[in-house]
Amino acid sequence: MDLAKKVLQGDEKSAARLISIMEDGGDEGYRLIPLLFPHTGKANIIGITGTPGAGKSTLIGKLAVIFANNGKKVGIIAVDPTSMKNHGALLGDRLRMKDAENTEGIFIRSMASRGYPGGIAKATAGTVYVLEALGKDIIMVETVGSGQTDTQIYSLCNTIITVLTPDYGDEVQLMKAGLLEIGDIVAINKSENTNAEDISTDVKAYINQRETKGRQIPVLTIQAKEGSGIEKLVDAINEHFVYLSKNIHGKELKKEKLKTLMLALLREELWGKALKTWTDNECFDGIVKKLQKGEIDPYTAVRAALEIKSL
């Protein structure tokens with residue numbers, strides 16, 4: 001109770017502690033969310049997705065500094081791949097956000113994806129609510145960047161920025177059904193590459209075929225490392241936030257996203273409980289031993305696991 005009160009008073013150390021409790025899986029952390037939730041809903045939550053190496057972290061660092069210089073309080077959630085050794089976050093993103101780390105008003109939190117196949121961790125949604133209650137005006141969520149699994153970020157954020165680079169030209173066709181479909185804004189990074197204009201033309205042609213509820217999705221060319229084109233991207237983000245606030249479609253979309261988020265969290269909860277139930281069962285160990293001895297194949301092992309009576 002005191003921890004939630006301190007968060008509402010703007011205490012960043014208390015916010016960090018509460019986030020850690022949720023990341024460690026402690027139910028006491030999530031029990032405080034109902035105290036914070038009534039104080040949320042005003043921040044612009046921005047999702048940054050795209051393939052690994054697209055420059056998402058560098059872009060977020062540049063955006064954060066611009067927002068902070070414009071008087072906004074900024075929160076950053078960087079969802080990193082989970083370490084195979086200690087199950088923590090690899091924290092590679094923080095290395096590309098040095099300017100943001102040294103700018104007043106910017107709170108950065110890295111967290112591990114925990115291996116859940118949705119691109120965001122269970123604690124990510126809770127962390128967004130904590131940062132909103134802390135008083136942040138802008139909250140940016142960076143996904144792992146593993147491709148179409150990142151699409152779950154759609155349910156959590158107001159605005160999705162899909163970051164592409166000219167280097168991924170051959171993969172654009174594969175990504176159309178995933179990352180491009182959820183993008184409210186598309187940013188072609190590393191625009192100094194000679195293929196940038198070709199990729200931009202390809203993306204615009206695809207987007208023009210889609211139903212966009214009367215709104216033209218911006219396709220912008222940027223150079224995140226040098227900061228080129230970032231101001232136009234900020235303008236596009238602000239314009240989309242206003243569009244969602246004033247447009248009836250935007251309001252209905254927000255309600256639908258809340259439902260989708262709830263279902264995603266429910267799936268994650270069931271996923272964790274089911275795995276624990278399986279792995280705690282003696283019959284499961286027997287099935288694994290048969291598999292490891294080569295007595296059964298992996299598909300038969302799965303069918304056998306599903307038939308464990310205690311499930």
Quick one: do I33 and I45 end up in the same hydrophobic cluster if we chain Ile, Leu, Val, Met, Phe, Trp and Tyr together by side-chain heavy atoms under 4.5 Å apart?
yes
Is a donor on one side and an acceptor on the other found under 3.5 Å between the side chain of D202 and the backbone of D198?
no
Residue from K136, R17, K73 passing salt bridge (Lys or Arg N to Asp or Glu O under 4.0 Å) with E12:
K136
Within one Ile-Leu-Val-Met-Phe-Trp-Tyr cluster: L63 and V242, side-chain cutoff 4.5 Å
no
Heavy-atom nearest pair, G10 first then L134, reads C-CD1, 3.5 Å
Criterion side chain to side chain contact (heavy atoms under 4.5 Å, CB included) against N158, the qualifying member of I237, L253, N44:
N44
Do I21 and F37 belong to the same hydrophobic cluster, where Ile, Leu, Val, Met, Phe, Trp and Tyr are linked whenever their side-chain heavy atoms lie under 4.5 Å apart, directly or via other members?
yes
Can you find a heavy atom in the side chain of L36 that is under 4.5 Å from one in the side chain of L18?
yes
Would the distance check show the side chain of N189 and the main-chain N or O of A54 forming a donor-acceptor pair, the cut-off being under 3.5 Å?
yes
Once rounded to the nearest 0.5 Å, what's the spacing between atom CG of L156 and atom CD1 of I46?
12.0 Å
Expected output: side-chain K56 to main-chain G50 donor-acceptor under 3.5 Å:
yes
Sub-3.5 Å donor-acceptor pair from the side chain of K257 to the main-chain atoms of C157, do we have one?
yes
Determine, stepwise, if the pair T127 / I139 fulfils side chain to side chain contact (heavy atoms under 4.5 Å, CB included).
CA-CA 10 Å; T127 300; I139 299 169; over 6 Å; no
W278 versus L306: any side-chain heavy-atom pair under 4.5 Å?
yes
Measure the OG1-OH distance between T49 and Y154 for me, rounded to the nearest 0.5 Å.
14.0 Å
Exercise: identify the closest heavy-atom pair between R31 and P34:
O-CD, 3.2 Å
Give me the atom names and distance for the closest heavy-atom approach of T124 to M111.
OG1-SD, 3.3 Å
Taken to the nearest 0.5 Å, the spacing of F107 CZ from I77 CD1 works out to 9.0 Å
Residue pair S20 / R109, side-chain donor-acceptor N/O under 3.5 Å
yes
Using modelled atom types and a 3.5 Å cut-off, is there a donor and acceptor pairing between side-chain atoms of N70 and backbone atoms of K72?
no
Please tell me whether I160 and F241 are part of a single hydrophobic cluster in this structure, the criterion being side-chain heavy atoms less than 4.5 Å apart.
no
Quick one: list whatever passes side-chain hydrogen bond (donor to acceptor under 3.5 Å, both in side chains) with T159, sequence neighbours left out.
H240
Taking it one step at a time, do I76 and E142 satisfy side chain to side chain contact (heavy atoms under 4.5 Å, CB included)?
CA-CA 8 Å; I76 298 173; E142 179 187 2; 5.9 Å; no
Tell me the salt bridge (charged side-chain N to carboxylate O under 4.0 Å, His left out) pairs involving residues 237-255, sequence neighbours left out?
E252-K255
Hphob cluster co-occupancy, M262 + Y30, side-chain heavy atoms under 4.5 angstrom:
no
Work out which heavy atom in N195 is nearest to a heavy atom in P166; give both atom names and the distance.
CB-CB, 3.9 Å
Output the distance between atom CD (E28) and atom CG (L3), rounded to the nearest 0.5 Å.
10.0 Å
4.5 Å side-chain heavy-atom contact, E269 and R267:
no
Does the E132 side chain pair with the main chain of G41, one donor and one acceptor, at a distance under 3.5 Å?
yes
Minimal non-hydrogen separation, A125 against L261, with atom names
CB-CD1, 4.3 Å
Under 4.5 Å between any side-chain heavy atoms of T277 and I308, yes or no?
no
Specify the closest pair of heavy atoms between A15 and V130, including all atoms of both residues, with the distance to one decimal.
CB-CG1, 3.8 Å
Rounded at 0.5 Å granularity, tell me how far CD1 in I60 sits from CD1 in I161.
8.5 Å
Donor-acceptor pair, T260 side chain versus E256 backbone, under 3.5 Å?
yes
Between atom CD1 of I199 and atom NZ of K190, what is the distance when rounded to the nearest 0.5 Å?
13.0 Å
Would you give me the side-chain donor-acceptor pairs under 3.5 Å for residues 222-235, sequence neighbours excluded?
none

